[in-house]
2 protein chains.
Amino acid sequence: MGDTQTGRPRGRRREADLNDARLMQAAREVFAEQGWDAPVSEIARRAGIGMGSLYRRYPSKELLAQRMRVVGMEQLVAQARTALSEEPDPWAAFARFLRDALSAQGPGGPLLPLVGGRLPATDEIVAAAAQLRAALEDLVEGAHRAGVLCADFTAADVPLLLEHLTARIPVTDERATALHLRYLDLILAGLRTSAADEPTALRGPAPDWAELSELWNASEG
Amino acid sequence: MGDTQTGRPRGRRREADLNDARLMQAAREVFAEQGWDAPVSEIARRAGIGMGSLYRRYPSKELLAQRMRVVGMEQLVAQARTALSEEPDPWAAFARFLRDALSAQGPGGPLLPLVGGRLPATDEIVAAAAQLRAALEDLVEGAHRAGVLCADFTAADVPLLLEHLTARIPVTDERATALHLRYLDLILAGLRTSAADEPTALRGPAPDWAELSELWNASEG
DNA sequence: TTTGAGCGGAGCGCTCCGCTCCGATACGGT
DNA sequence: ACCGTATCGGAGCGGAGCGCTCCGCTCAAA
């Protein structure tokens, strides 16, 4: 932590910071499109950076991906906090966060850290995950308290739902995001309860946070 | 067509037919889980069949996948026809088909022919696709006529929606299917219009069948 | 018992990946 | 202006893992 507090770096140092930002962006795009097996060279190419510079900054593909997960989760937390503070209505905040998460996770880029599941969790990652969990729980707790959210929809549903809405389809990023948002609207319509409606339409056991941890972190070495 | 009209094959021939059925099943499971890059040896292993037998029946991975697509589409057509004939209510037929498609596409196996997009379409495939299109249009037309389906939801939405609901998550097949069905229920709740509701909640341009063709078939050689 | 069509799986050649090494580049102190 | 040097970029190396083939073995049919 604290590597962004450089007071206006200049020259070579500034270039390195720009490179790092570009790398995170490119890594998220490429991993989202092609999965874990995407070649590192493709990430470097899309970031406009040579392999040497990439491997100087991140000594292995695994470390690069782990850092990318942290950045992605931090961005989600920021989006959740923004939605919570800028939208007074709990339902509006909830809906806005989902839309932001689907569309703004990088230009056209689909979702977040679900490269995981095969790379071990660092301390940084578990800390970011804890913060993400807290933010999502704030979001759904608020909607629940307002009585506008389907009763047995949990905070752990959110990442899984986003994952389900982020199909890897080989079209332009804009078109893919448009389709994601199209089907998200369907989900939102189904999630919203109009006051004392009939019991929720959700079937099957809700996921919990432990299940998510197993999905996101490698089982063991 | 017409290779299933054998009058009770016996002995070695019967084993070959069983092998073929097992192969289709295993191929769908493996491709669904791991995508096109899944090793052929894994398909053979899961089918309980040697590589020799597999490559005797299908001279290349591509031909195997093309045949699998045809079988998968034919199964979807059969499920659509069954839903249409067994469920008198158009909405019930529509909902049942979606649930069947998500769960029964092989035990626990996710969806269908979206290995495509990189392998060329054979005549058999375009014929099966045409039949699938007709069946899906019957399904949504019926629901539309009954006035219970969100207005600008088209038949071409169905495969894309199923694809969106079939996230590849590394859990047991049963759990994955349960999650798919959980979020399908949300979609169904959002899709259903109660008579003259407010205008549909769908945004963005609806997909059409031409877009699907581009997704499913290789652009060119 | 003989036979041979059809089965299973070990191995070959090749593609493609993660990662390293080194010449080229341009910043910053003097 | 000039040079020392930290950093950049991409060609190449070793190896993993794939599609596909080849061949010894099994077992229904005669």
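- Ring orientation note: the planes of A/Trp216 and A/Trp209 are nearly perpendicular, at an angle over 60° on the 30°/60° scale.
- Side-chain nitrogen and oxygen atoms of A/Ser53 include none within less than 4.0 Å of the OP1 or OP2 phosphate oxygen of D/dT7.
- Distance, B/Glu42 CD to C/dG9 P: 13 Å, rounded to whole Å.
- Between C/dC17, C/dG6, D/dC8, one nucleotide has an atom nearer to the side chain of A/Pro39 than all others, and that is C/dC17.
- Rounded to whole angstrom, the span from the CD1 atom of A/Ile49 across to the P atom of D/dG10 amounts to 11 Å.
- Here the P atom of nucleotide D/dG9 and the CZ atom of A/Arg46 are 17 Å apart, to the nearest Å.
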Exercise for the section: Carefully, step by step, assess B/Arg67 and B/Glu124 under the rule salt bridge (Lys or Arg N to Asp or Glu O under 4.0 Å). Expected result: CA-CA 8 Å; B/Arg67 178 71 193 149; B/Glu124 228 186 3; 2.9 Å; yes
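- Among the nucleotides D/dT21, D/dC18, C/dC17, the one closest to any side-chain atom of B/Tyr55 is D/dT21.
- Checked options B/Leu84, B/Val140, B/Leu136; the residue passing with B/Phe97 is B/Leu136 (criterion: side-chain contact (heavy atoms from CB on, under 4.5 Å)).
- Between A/Leu54 atom CG and C/dT20 atom P there is a gap of 12 Å when expressed in whole angstrom units.
- Rounded to an integer number of Å, the gap from CE of A/Met51 to C1' of D/dG10 is 9 Å.
- Looking at heavy-atom distances under 4.0 Å, A/Ala47 makes no contact with the nucleic acid at all.
- You'll find the side chain of A/Leu64 reaches within 4.5 Å of the side chain of A/Met24, heavy atoms only.
- Here C/dC19 presents its P atom at 19 Å from CZ of A/Arg45, a figure rounded to the nearest Å.
- Following rounding to the nearest Å, A/Asp37 (CG) and C/dC16 (P) show an atom-to-atom distance of 14 Å.
- Regarding B/Tyr58, its OH atom lies at a distance of 17 Å from the C1' atom of D/dC20, rounded to whole Å.
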